[in-house]
Number of protein chains: 2
Amino acid sequence: MNKQSIRLSVDAVVFGYEEDHISIVLIKRKYEPFKGQWAIPGGFALNDESLEAAVERELQEETGIKINYLEQLYTFGNPNRDPRGRVVSVAYFGLVRPDAFKIVAATDAEQVQWFSINDLPELAFDHKHILEKAIKRLQDKITYQPIGFELLDKKFPFSDLEKLYATVLGRAIDRRNFRKKIINLDILDELDEKVSRGSGRPANLFQFNPEHYFKRKKEGIIFEI
Amino acid sequence: MNKQSIRLSVDAVVFGYEEDHISIVLIKRKYEPFKGQWAIPGGFALNDESLEAAVERELQEETGIKINYLEQLYTFGNPNRDPRGRVVSVAYFGLVRPDAFKIVAATDAEQVQWFSINDLPELAFDHKHILEKAIKRLQDKITYQPIGFELLDKKFPFSDLEKLYATVLGRAIDRRNFRKKIINLDILDELDEKVSRGSGRPANLFQFNPEHYFKRKKEGIIFEI
DNA sequence: ATATATTTGTGTACAAACAACACATAATGA
DNA sequence: TCATTATGTGTTGTTTGTACACAAATATAT
């Protein structure tokens with residue numbers, strides 16, 4: 001067998017949600033190739049660490065961000081995707097809670113920044129392609145798995161959830177029907193707490209109950225928006 | 001950066017359907033490790049070929065099978081999954097038409113064989129794990145994408161489609177409602193051909209019309225079983 | 001303090017989709 | 001020619017989805 005010389009990297013598209021828009025974390029590259037350009041965080045896997053461990057390590061090193069949800073997205077293996085040679089990248093898909101926004105802001109000097117997905121800079125490598133796939137995954141998956149909660153504070157008013165869905169799916173959502181549907185799934189705990197944000201009637205807070213969700217799922221209830 | 005020594009392989013879980021059961025292609029390993037054990041086809045990627053090309057080449061070399069549908073499944077990167085050292089494997093998911101059964105049967109001497117997924121031998125490496133993921137993908141995807149047709153002859157009687165779904169999903173299907181649903185999608189051409197197989201009224205043949213499907217999809221029709 | 005603007009919270013009626021179900025037809029084979 | 005087997009088809013009741021408006025609770029401006 002001839003000698004294989006392929007290097008393996010991991011990359012992560014990390015989504016956040018705040019103020020009615022979806023953002024992702026980008027880093028500004030310090031070295032060639034694509035020096036000075038924005039890219040999604042990532043790097044080479046070590047010989048003895050799992051792919052998940054590699055992503056988590058790279059995210060920690062490059063952004064200091066506290067990831068909340070992580071899953072494999074896709075593996076990109078086009079022979080020409082990296083000018084340094086053959087690099088196959090296993091891309092991951094991550095979600096963080098709103099408080100992670102501040103963490104990144106604090107390490108601003110390290111060239112880490114949130115970008116709204118409606119206002120992105122040019123990206124290094126094939127990262128635009130990776131990102132497109134990630135956005136599609138987010139849009140698809142949010143409709144059949146309860147991952148939206150991973151983008152909100154643990155306790156949230158119903159309107160936050162509704163706006164998140166409207167933003168991600170890019171369409172209006174009927175407030176009453178949406179609420180009815182979610183409530184009927186019986187996977188949220190309604191708390192005895194209210195929050196008032198600006199004018200308007202204060203909203204009751206809700207909390208996703210994963211145990212209840214899994215129980216309901218086994219009973220045959222299906223999450224679907 | 002320290003020297004990375006990770007090797008990259010590709011593997012393929014190839015599904016076929018015939019006589020009311022789902023089968024996959026396995027090969028008997030000629031070399032260590034796991035010599036003599038059954039495994040899903042695959043091998044190391046070459047430096048300058050895409051991952052898809054690598055899978056197709058390996059499938060060709062090892063099984064001679066004519067693949068009909070191929071998509072990436074998942075990348076398995078556990079550091080201990082291969083006793084030879086660190087090997088990360090990009091697994092693919094494939095479907096073939098019934099006529100491919102015969103092709104494999106013809107190359108029987110090469111230790112290639114179809115196994116019903118209800119009657120599998122022990123598998124090498126973490127291939128059982130890969131297979132489980134593939135089966136889940138098949139079951140999920142067949143309900144929201146028209147991939148079932150890739151497992152049938154181009155022209156098929158409706159009952160074949162119905163039995164395929166019953167087999168894959170592991171549950172009975174109401175014949176009338178199923179037919180109604182599929183017909184209403186308006187993605188099949190009804191042919192002026194009949195086929196008679198054994199006793200019973202001869203069945204009309206149908207054919208999947210991909211162009212029509214994509215047109216309908218753009219119009220907002222969603223495939224869903 | 002009062003009026004206005006803003007956001008939350010809630011129910012009903014109509015339409016569409018789903019689920020359950022039986023019998024006639026066209027062939028084979030005994 | 002009679003029994004068996006598989007195909008082909010429609011209706012009805014139930015469930016789910018969709019459209020839609022007004023009262024309650026607060027903040028803000030006057």
Side-chain angles (χ1 to χ4, degrees), chain A residues 18-20 142-144 152-153 155-167 169-207 216-217 219-225, chain B residues 17-21 142-144 152-153 155-167 169-207 216-217 219-225:
Chain A
E18 212 178 47
E19 288 164 32
D20 295 3
I142 206 174
T143 67
Y144 65 87
L152 302 178
D153 288 314
K155 301 173 179 185
F156 57 87
F158 219 98
S159 54
D160 273 14
L161 188 65
E162 180 208 320
K163 279 175 200 153
L164 170 65
Y165 272 85
T167 304
L169 301 179
R171 58 180 166 85
I173 294 220
D174 183 288
R175 198 153 52 90
R176 274 182 286 189
N177 292 338
F178 180 76
R179 189 181 179 116
K180 215 186 308 175
K181 200 177 220 171
I182 302 282
I183 294 291
N184 281 342
L185 291 172
D186 194 22
I187 59 175
L188 295 187
D189 294 334
E190 182 163 9
L191 306 175
D192 269 339
E193 274 180 81
K194 292 187 192 305
V195 66
S196 184
R197 292 196 296 211
S199 75
R201 178 172 172 172
N204 225 318
L205 290 179
F206 290 82
Q207 189 168 345
R216 304 288 286 159
K217 194 177 161 191
E219 290 166 15
I221 268 79
I222 50 163
F223 183 93
E224 167 104 60
I225 302 302
Chain B
Y17 171 72
E18 212 178 48
E19 287 164 33
D20 295 4
H21 57 94
I142 206 173
T143 66
Y144 66 88
L152 301 178
D153 287 315
K155 302 173 179 184
F156 56 87
F158 220 98
S159 53
D160 274 12
L161 188 65
E162 181 208 321
K163 279 174 199 154
L164 169 65
Y165 272 85
T167 304
L169 301 179
R171 58 180 165 84
I173 294 220
D174 183 287
R175 198 152 53 90
R176 274 181 286 190
N177 293 337
F178 181 75
R179 189 181 179 118
K180 214 185 309 174
K181 200 177 220 171
I182 301 282
I183 294 290
N184 281 341
L185 291 172
D186 194 22
I187 58 175
L188 294 187
D189 294 335
E190 182 162 9
L191 306 175
D192 269 338
E193 275 180 79
K194 292 188 194 302
V195 66
S196 184
R197 293 196 297 213
S199 74
R201 177 172 173 171
N204 226 317
L205 290 179
F206 290 81
Q207 188 167 349
R216 304 288 284 159
K217 195 177 160 191
E219 290 167 14
I221 268 79
I222 50 163
F223 183 93
E224 169 103 59
I225 303 301

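Just so we're on the same page: letters track the sequence lines, and every chain starts at 1.
- On the nucleic acid side, DNA chain C contacts chain A at distances under 4.0 Å to non-hydrogen atoms, with the end points of that region at dT6(C) to dT12(C).
- Atom CZ of Phe158(B) and atom C1' of dT9(D) are 13 Å apart (whole Å).
- Applying the salt bridge (charged side-chain N to carboxylate O under 4.0 Å, His left out) rule to pairs touching residues 171-190 of chain B yields Asp186(B)-Arg216(B), sequence neighbours excluded.
- Considering only side-chain N and O atoms, Arg179(B) lies under 4.0 angstrom from the phosphate OP1 or OP2 of dT9(D).
- As a whole-Å value, the separation of Ile183(B) CD1 from dG8(D) P is 9 Å.
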Protein-to-nucleotide contact annotation, 5' to 3' order, nucleotides 19-25 of chain D [B base; S sugar-phosphate only; - none; under 4.0 Å, heavy atom]
BBB--BB
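- Rounding to the nearest 0.5 Å gives a distance of 8.5 Å between CD of Glu18(B) and CG of Asp153(B).
- Residue order along DNA chain D, read from the 5' end via each residue's closest nucleotide, puts Ser159(B) first among Ser159(B) and Gly198(A).
- Side-chain contact between Val195(B) and Pro202(B): absent, with no pair of heavy atoms (C-beta onward) separated by less than 4.5 Å.
- Evaluation of the side chain to side chain contact (heavy atoms under 4.5 Å, CB included) rule for Phe178(A) yields Phe158(A), Leu161(A), Glu162(A), Tyr165(A), Ile173(A), Ile182(A), Ile225(A) as partners, not counting sequence neighbours.
- From one end of the helix from dA1(C)-dT30(D) to dA30(C)-dT1(D) to the other, with five pairs defining each end axis, the axis direction shifts by 10° (rounded to 10°).
- Using a 4.5 Å cut-off on side-chain heavy atoms (C-beta onward), Phe156(A) and Leu188(A) make contact.
- Residues passing the salt bridge (charged side-chain N to carboxylate O under 4.0 Å, His left out) test with Lys155(A), sequence neighbours excluded: Glu193(A).
- Taking every heavy atom of both residues into account, Gly198(B) and Ser196(B) meet most closely at O-OG, 3.7 Å.
- In this structure the side chain of Asn204(A) never reaches within 4.5 angstrom of the side chain of Pro157(A), judged on heavy atoms.
- With sequence neighbours excluded, no residue forms a ring pair (Phe, Tyr, Trp, His ring centres under 6.0 Å) with Phe223(A).
- Residues satisfying the side chain to side chain donor-acceptor pair (under 3.5 Å) criterion with Arg197(A), sequence neighbours excluded, are Asp160(A).
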